[in-house]
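Just below is one structure, and these are the notes that go with it.
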Amino acid sequence: MKLATWNVNSLNVRLPQVLDWLVANPVDALVLQETKLTDDKFPTLEIGEAGYQVHWFGQKTYNGVALLSRTPAQDVVKNIVGFEDAQARVIAGTVDGVRVIGAYFPNGEALDSDKFVYKMAWLDGLRAWLATELKAHDKLVLMGDFNIAPEDRDCYDPAAFVGLTHCSPQERAHFQALLDLGMVDAYRLFDHPPKSYSWWDYRNLGFRKNQGLRIDHILVSEALRAQVQACEIDKLPRKNERPSDHAPVVVTLS
DNA sequence: ATGTCGCGTGTGACGCGA
């Protein structure tokens with residue numbers, strides 16, 4: 001079983017790339033972030049023709065998430081249960097016995113901004129809800145754009161990020177708290193080359209210079225740890241014309 | 001090199017978010 005996450009930065013723009021990627025990578029489930037589409041504009045027909053069931057949850061201009069799966073997803077939930085949120089950031093469903101949560105974590109903007117306060121509250125809400133989800137589902141995968149680089153090795157220039165979002169101790173403590181609930185960073189179960197990232201800023205020739213962050217993650221519950229066969233970042237789509245700024249991340253379960 | 005995108009507004013540059 002293969003599961004994947006991809007922040008597409010507008011599904012309207014990136015739909016052809018997503019469909020091409022699914023032909024080359026026929027995963028069992030794919031969660032998307034930053035679809036940036038209201039629900040009436042979601043391309044259900046094209047995704048259905050590609051052989052996928054889909055649930056989606058969006059809003060105007062920003063955010064928006066989707067859950068694509070080969071088999072129908074059960075018990076679909078939109079956003080964090082118990083956390084009132086005006087923004088469309090989470091979609092969850094059970095696919096082939098695995099609880100799949102796709103999430104677009106808040107960016108946070110700056111450590112002293114209201115958006116960072118929201119990010120912290122959102123992370124509190126996520127953690128509380130994840131704890132209850134884990135009680136109901138032994139086999140659980142939380143994946144998406146976390147907007148957190150968990151360690152210095154996940155950042156191209158840790159010194160330059162001191163005092164900025166994505167690498168702050170507060171955000172990293174929240175990431176660790178998710179692990180402490182009984183989750184494992186699937187990517188770190190394996191050896192990878194140093195300076196492996198999942199996002200590169202469009203500015204400053206970030207991708208060409210490999211100035212990136214590893215902020216897109218796949219966390220699996222302890223019950224799934226032994227089934228994880230591989231976890232890879234697929235940089236190929238980042239080399240497309242008009243790419244998303246994020247690369248997909250794929251986990252293979254036995 | 002603040003060397004980029006995408007959206008909405010509203011028809012074309014600009015503000016915003018990332």
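Every chain is numbered from 1, with letters handed out A, B, ... down the list of sequences. Values reported hereafter were calculated over all heavy atoms of this structure, with side chains retained and with hydrogens, waters and symmetry mates removed.
- Within the structure, the ring-ring contact (aromatic ring centres under 6.0 Å, His included) test picks out no pair touching residues 60-79 of chain A (sequence neighbours left out).
- Of the possible polar contacts, none joining the A:Ser69 side chain to the A:Pro72 backbone as a donor-acceptor pair under 3.5 Å is found.
- For the salt bridge (charged side-chain N to carboxylate O under 4.0 Å, His left out) condition, the pairs that include at least one residue of residues 190-212 of chain A, sequence neighbours left out, are A:Asp201-A:Arg203.
- For the pair A:Leu15 CG and B:dG6 C1', the interatomic distance rounds to 16 Å; values are reported in whole Å.
- Of the two residues near DNA chain B, A:Pro243 and A:Asn7, the one whose nearest nucleotide lies more 5' is A:Pro243.
- Comparing the same atom, P, in B:dC5 and in B:dT11 gives a spacing of 25 Å after rounding to whole Å.
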What string of B, S and - do you get for nucleotides 7-12 of chain B, 5' to 3', when a contact is any protein heavy atom under 4.0 Å?
SSS---
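- When the ring-ring contact (aromatic ring centres under 6.0 Å, His included) test is applied to A:Tyr156, the partners found at least two apart in sequence or on another chain are A:Phe161.
- For the pair A:Glu109 CD and B:dG17 P, the computed distance is 7 Å after rounding to whole Å.
- Distance, A:His246 NE2 to B:dA18 P: 11 Å, rounded to whole Å.
- Pairs of residues two or more places apart, or lying in two chains, never qualify as ring-ring contact (aromatic ring centres under 6.0 Å, His included) while including a residue from residues 226-245 of chain A.
- In this structure, A:Arg14 reaches the sugar-phosphate backbone alone: every heavy-atom distance under 4.0 Å involves primed, P, OP1 or OP2 atoms, never a base.
- Rounded to whole Å, the distance from NZ on A:Lys115 to C1' on B:dG17 is 6 Å.
- A close approach under 4.0 Å does not occur between any side-chain nitrogen or oxygen of A:Arg203 and OP1 or OP2 of B:dA18.
- The aromatic rings of A:Trp199 and A:His166 lie parallel to each other, with less than 30° between the two planes, well short of the 60° mark.
- Where A:Tyr202 and A:Asn63 meet DNA chain B, the nucleotide closest to each residue was compared, and A:Tyr202 sits on the side nearer the 5' end.
- A straight line from CG of A:Leu164 to P of B:dA18 spans 15 Å, rounded to a whole angstrom.
- B:dA1 and B:dA13: their P atoms are spaced 30 Å apart (whole Å).
- Atom CD of A:Gln59 is separated from atom C1' of B:dC16 by 14 Å (rounded to the nearest Å).
- Between A:Arg208 atom CZ and B:dC5 atom P the separation is 11 Å, expressed in whole Å.
- To the nearest whole angstrom, the two C1' atoms, one in B:dG6 and one in B:dG12, are 16 Å apart.
- Side-chain contacts under 4.5 Å among hydrophobic residues (ILVMFWY), followed directly or transitively, place A:Tyr52 together with A:Trp6, A:Val8, A:Leu11, A:Leu15, A:Val18, A:Leu19, A:Trp21, A:Leu22, A:Val27, A:Leu30, A:Leu32, A:Leu37, A:Phe42, A:Ile47, A:Val54, A:Trp56, A:Leu68, A:Val250.
- Spacing between atom CD of A:Glu241 and atom C1' of B:dT4 amounts to 16 Å, rounded to whole angstrom units.
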